[in-house]
Amino acid sequence: MINQLGNYSLVFCVLFSIFIITQSIRAIISKNSKFDGIFYNLVFLQLFLVVFSFFCLVVNFIVSDFSNVTVYNNSHTSKPLFYKISGVWGNHEGSLLLWLLVLILFLFLFILNSKKSENSYKLLTILFQEVIIFGFLLFIIFTSNPFEYVFPTPIEGLGLNPILQDPALAIHPPILYLGYVGTSLVFSSSLAATVNKSINSDWAKHIKKWIFASWIFLTLGIMLGSIWAYYELGWGGFWFWDPVENVSLMPWLCLTALLHSVLVLEKRNSLKNWTIILSIATFALSMSGTFLVRSGILNSIHTFANDPSRGLFILIFLFILILLAIIIYFSYEIKNTNPSNNFFWLSKETAVLINNWFMMYFLSVVLVGTLYPIFLEVISNEKISVGAPFYHKLMVPFLIPFFIFMSIGPRLKWIKDKFTKINYYQILILILSLVISYLIVEYSGVKYLFSTILISTSIFLFYSSASDLVKKNVQFPQKISHFAFSLLIISILVNGIYSKEINSNMKVGDNLTFMNKKIEFKSINFEKQDNYNLLRGNFEITEEGKIPINFQPEIRIYDQPVISTSEADIKTNLLNDNFIVFSLLKEGEVFNVRYQQKPFMIWIWISLIMLAFGGSLALIKK
Amino acid sequence: MKKIFKLITFSFLFLILINNSVLADNKISKVDSISKNLRCLICQGQSVYDSQSEFAISVKDLIKKKIEEGNSDNDIYEYLKNKYGDWIMYEPKLDKKTLLLWILPLILFVFGGLLIFKKAFINYNKNV
C-alpha cells in the first residue's frame, strides 16, 4: 500500500513537471510579465509529492517491508533504526530519489528567494531547472524505480554493506548531494541570465549565494567522506585518489574557481562569459560524476550499481543538457566587451584569474587522470592504473607558484595596483620561511630541495593569510577561508611528510618496538552485539617516562551480509593522531597490526570546517 | 602586538616541526615503498601495501625475495608489469599510449597562462 502511494506520487510528479514546463514556455513566449502565484504553487505541490514519495520509502525501510525490492536488497530486520533510515540513501535507487528531492527543494527555495528578480529571468530559470527535474524523474521511474515489487515477499532482507553502517557515512550522501544539486540551480540560472541578457553585478550578487551554499555543502560532504575513509577503511589515509573521490573533487575545484570569478563579476562587472562557462562546467562535472559512479564504469569501493542501461540514460541526458547549454551560450554570447572593464596586470582581477588558472589546471589533472584509463580501455583494450603517484607528480610542483600567488593576490587592489604595495616585510618573511624550512628539512633527513621550497612557500602563505586576519581592508569571510586554506595546506603537507607507521603480524603476547615506543598485544576479547560479533584487541603502548596508553581496536564480523570490518582505535591530540588497527589473517591466531603516528591530523578537519565556516559567513553577509 | 602575535605563532610552529622531525628517523622499508605503488589486483581500490589478501601477501613476499636477490626497484616493477600487466602499477609509465595523459594537463596550463597574459597585458595596453 505505502509502496503504491510512493510510486503514484512519483508518476504525478512527472505530470506536474510537464505542466510546469509547458506553462513556463507559454509565459515566456507571451511575454506576460505577470508572475502570478501559479509557479510557486505548482512547485510547492511537486515538492510535496516527492517528499511524500521519499517519506513512503523511509517508512518502508523502517517497517522492513521486504516486498519492496530496494528494502529487500539493502535492509535487514536486525539493523539499528538509524541505519535502517540511512539505508534509504545508501543505495542507488534511494539516493537518486534524494537527489530529485533536493533538485525540487532548491527550485522551490529559489522561487521563494528571488522575489525581486526580473520575471523573464525567473521563468527561464524555472524552465531549465524543471527540464533537469523532468529528466531525473524519467530516469528514476524507468531505470531505477525504488518502489518495485519482489514476489513472493521474502522473509528477510539482504542487509546493508557493513562498511556503510557508520554515522559519518550516513550523513555524507545527503550533504554531498546538497552541494552537487546546488550547482544545477547555478546552471539553470546562468543559462536563464544568458538568454535574458541580464548577466551583470546584480545577477552576480543574487547567484553568489547559491554558489557559496553549494560550495559549503560540497566542502563538508567531501570532508565527511574523507573522515569516514580515514577511520573506517583502516588504511590510515584520508585521500586515496580513488575515482569516486576525484569525481567529487572536480566540481569542488570548478566551484572554487567560480566563486572567485563571480566576485569579479559582482564588483567589476567583468569576466561575464567566463563565469557562465564555469557555471555550465561545474554542473556538467556534477552530472558526469553521477554518470561515472552510477554506471559502474569506475573500479571503486563506492560503486553500488552495475547496470549499463542506467549509465546510458545519464550519458544521453547529460549530452542533451550540455548541448543545450552550448547552443544557448553561443547564440547569446556577449561579443563586445566593454573597454572600461579592462584591468592592469597587477590587480585583483589578474589575481582572481590566476586562481582560476590553477584551479582549472588541477581540475584538468584530475579529469584526465580519471577519464583517460577508461578511454584507453575502450579504444585499445589496455588497462592502466592512474593512482596517487601520478597526481602528486603533476600537482605538487604547481603548488609552489600557487601558494606564492595566493599569498600576494588577496592584498592587491581592483583595476590597478602599484609596486610599492608589495612591501619588503613580505619578502623578508618569504626569506625567513625559506631558511626555517631548510632547517626543518635538514633536520628531518628529508633532504630534498624540493620539499624545502614546498614547505617554505606554504609557511609563507600561512603567514600572509594569518597577518591578513588582523587587516581591516580584507573581507571577513575571505580572511577566515584563506587562513583556513593555508592551515589545511600546512597540515596536509606536514601530515604527508612526517607520518610514521609500522605494519607487522602479531600474536597475543607479542611485543614490538617502534621508534621509542613499545607496543604490546595484551589480550583479545569476544563480544556479541546486535547485528555483529566483535573481536576486541587490547594493546598497550608505552613510551619512556609516560603513562602507558591502551588501545582497543575492533574487528567486527557482521551477520547480514557476512563481512568483517576493522574499526581503528584513534587517540587524537592537537599534535598527533595515534592510530591502531588490526585485521584477521588466514592463520587464525596471528593478526596483522598496523600502528601509525599521524601529525596534525586533527588540523586537517578543523581547517576544513573553518573553510566551510568562512563560506557561510559570506552567505549570511548582506 | 601584531608582530608579537606573528613571532609567537611562528616559533610555535617551528618547534612543533622540529620536535616531529627529530623523532622522524625510521626508514620506510623498501618492500613497503614498492608495494605502496602497486595495485592489489583482487581488491577494490587498495594498494598491495594496504591489503592483507593472499594475493597482496604473495606479492610482498615476492618483492622481498627479489630485493634479497639484488634486484633494483625498477627491475622489480618491470618484472611485475610483465607478469600482471600495466594495471598493477599506480604510476603509468610515460610512453606512446600514455603520452596524452601526462601532457594534456600541461598543455592546458600553458594555454591558460597565455590567455591570462593576453587579457592582462595586451588587451590593457591596447585600450590605454
Side-chain angles (χ1 to χ4, degrees), chain A residues 235 240 242 299-301 339 342-345 347 349-350 353-354 356-357 360-361 364-365 368-369 372-373 376 380 382-390 393-394 398 432 436 439-440 443-446 459 462-463 466-467 470 490 494 498 500 502-503 514-516 575 583-586 592 599, chain B residues 1-2 5-6 9-10 13-14 16-28 32 36-39 43-47 49-52 54 57 85-93 97-98 100-102 104-109 112-113 115-117 119-121 123-124 126-128:
Chain A
W235 313 327
F240 301 97
D242 178 280
N299 179 289
S300 156
I301 40 168
N342 272 301
F343 41 82
F344 185 55
W345 67 270
S347 63
E349 285 94 330
T350 317
L353 277 182
I354 288 174
N356 279 209
W357 179 30
M360 288 300 111
Y361 171 70
S364 70
V365 174
V368 172
Y372 194 86
L376 189 71
S380 68
E382 279 183 275
K383 254 182 142 183
I384 58 162
S385 300
V386 177
F390 170 81
K393 268 196 182 155
L394 277 184
F398 287 85
L432 207 60
I436 289 179
L439 289 174
I440 294 169
Y443 275 105
S444 66
V446 195
I459 292 179
F462 183 76
Y463 273 93
S467 55
V470 289
I490 289 212
V494 170
Y498 296 105
K500 275 153 247 137
I502 187 161
N503 191 345
F514 173 58
M515 300 194 304
N516 48 357
L575 290 187
S583 54
L584 288 166
L585 283 182
K586 249 195 133 193
N592 178 266
Chain B
M1 185 57 213
K2 246 170 73 183
F5 164 74
K6 275 178 189 165
T9 34
F10 210 93
L13 194 82
F14 180 54
I16 296 165
L17 287 170
I18 287 296
N19 182 30
N20 258 301
S21 54
V22 170
L23 292 172
D25 53 356
N26 72 313
K27 289 230 166 63
I28 317 164
D32 290 358
K36 272 182 183 171
N37 288 326
L38 300 173
R39 180 193 284 277
C43 316
Q44 282 199 305
Q46 262 180 307
S47 68
Y49 175 79
D50 286 321
S51 171
Q52 300 307 327
E54 271 174 68
I57 290 171
D86 285 345
W87 177 239
I88 198 169
M89 295 285 299
Y90 266 135
E91 185 182 336
K93 203 182 68 186
K97 64 172 188 276
T98 60
L100 271 180
L101 172 71
W102 284 97
L104 208 56
L106 296 170
I107 293 173
L108 284 171
F109 186 75
L115 272 182
I116 294 177
F117 183 78
K119 182 116 184 135
F121 282 92
N123 283 7
Y124 181 79
K126 228 189 322 192
N127 288 303
V128 167

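Note that the structure is predicted; figures quoted are calculated from it, not measured. Every chain is numbered from 1 and lettered A, B, ... according to where its sequence line falls, protein lines coming before strand lines.
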>> As an exercise: rank Ile116(B), Asp86(B), Leu101(B) by heavy-atom pairs under 4.5 Å with chain A and give me the winner.
In response: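 Ranked by contacts with chain A, first place is Leu101(B).
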Which atom of [X] lies closest to which atom of [Y], heavy atoms considered:
{"X": "Leu353(A)", "Y": "Lys119(B)", "result": "CD1-CG, 4.2 Å"}
{"X": "Tyr90(B)", "Y": "Pro389(A)", "result": "CB-CD, 3.9 Å"}
{"X": "Pro599(A)", "Y": "Val494(A)", "result": "CG-O, 4.0 Å"}

Residue [X] versus chain A: region with a heavy atom under 4.5 Å:
{"X": "Leu115(B)", "answer": "neither"}
{"X": "Gln46(B)", "answer": "both"}
{"X": "Ser47(B)", "answer": "neither"}
{"X": "Phe117(B)", "answer": "neither"}

> Met89(B): what forms a side-chain contact (heavy atoms from CB on, under 4.5 Å) with it, not counting sequence neighbours?
Replying inline: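 Expected list: Leu38(B), Tyr77(B), Lys81(B).
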> At a heavy-atom separation under 4.5 Å, does Ile384(A) approach chain B through its side chain, its backbone, both, or neither?
Replying inline: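 Interface part for Ile384(A): both.
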> Where on Leu376(A) is there a heavy atom nearer than 4.5 Å to chain B: the side chain, the backbone, both, or neither?
Replying inline: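 For Leu376(A), the side chain is the part near chain B, not the backbone.
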>> Just so I understand: if I count every heavy-atom pair under 4.5 Å between each of Phe240(A), Phe390(A), Trp357(A) and chain B, which residue has the most?
In response: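 Top count of heavy-atom pairs under 4.5 Å with chain B: Trp357(A).
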> Is any side-chain heavy atom of Tyr372(A) closer than 4.5 Å to a side-chain heavy atom of Leu104(B)?
Replying inline: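 Heavy-atom side-chain distance check fails, nothing below 4.5 Å.
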>> Going by ring-ring contact (aromatic ring centres under 6.0 Å, His included), name the residues that satisfy it together with Tyr361(A), two or more places apart in sequence or in a different chain.
In response: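 By the ring-ring contact (aromatic ring centres under 6.0 Å, His included) rule, Tyr361(A) matches Phe398(A), Phe109(B).
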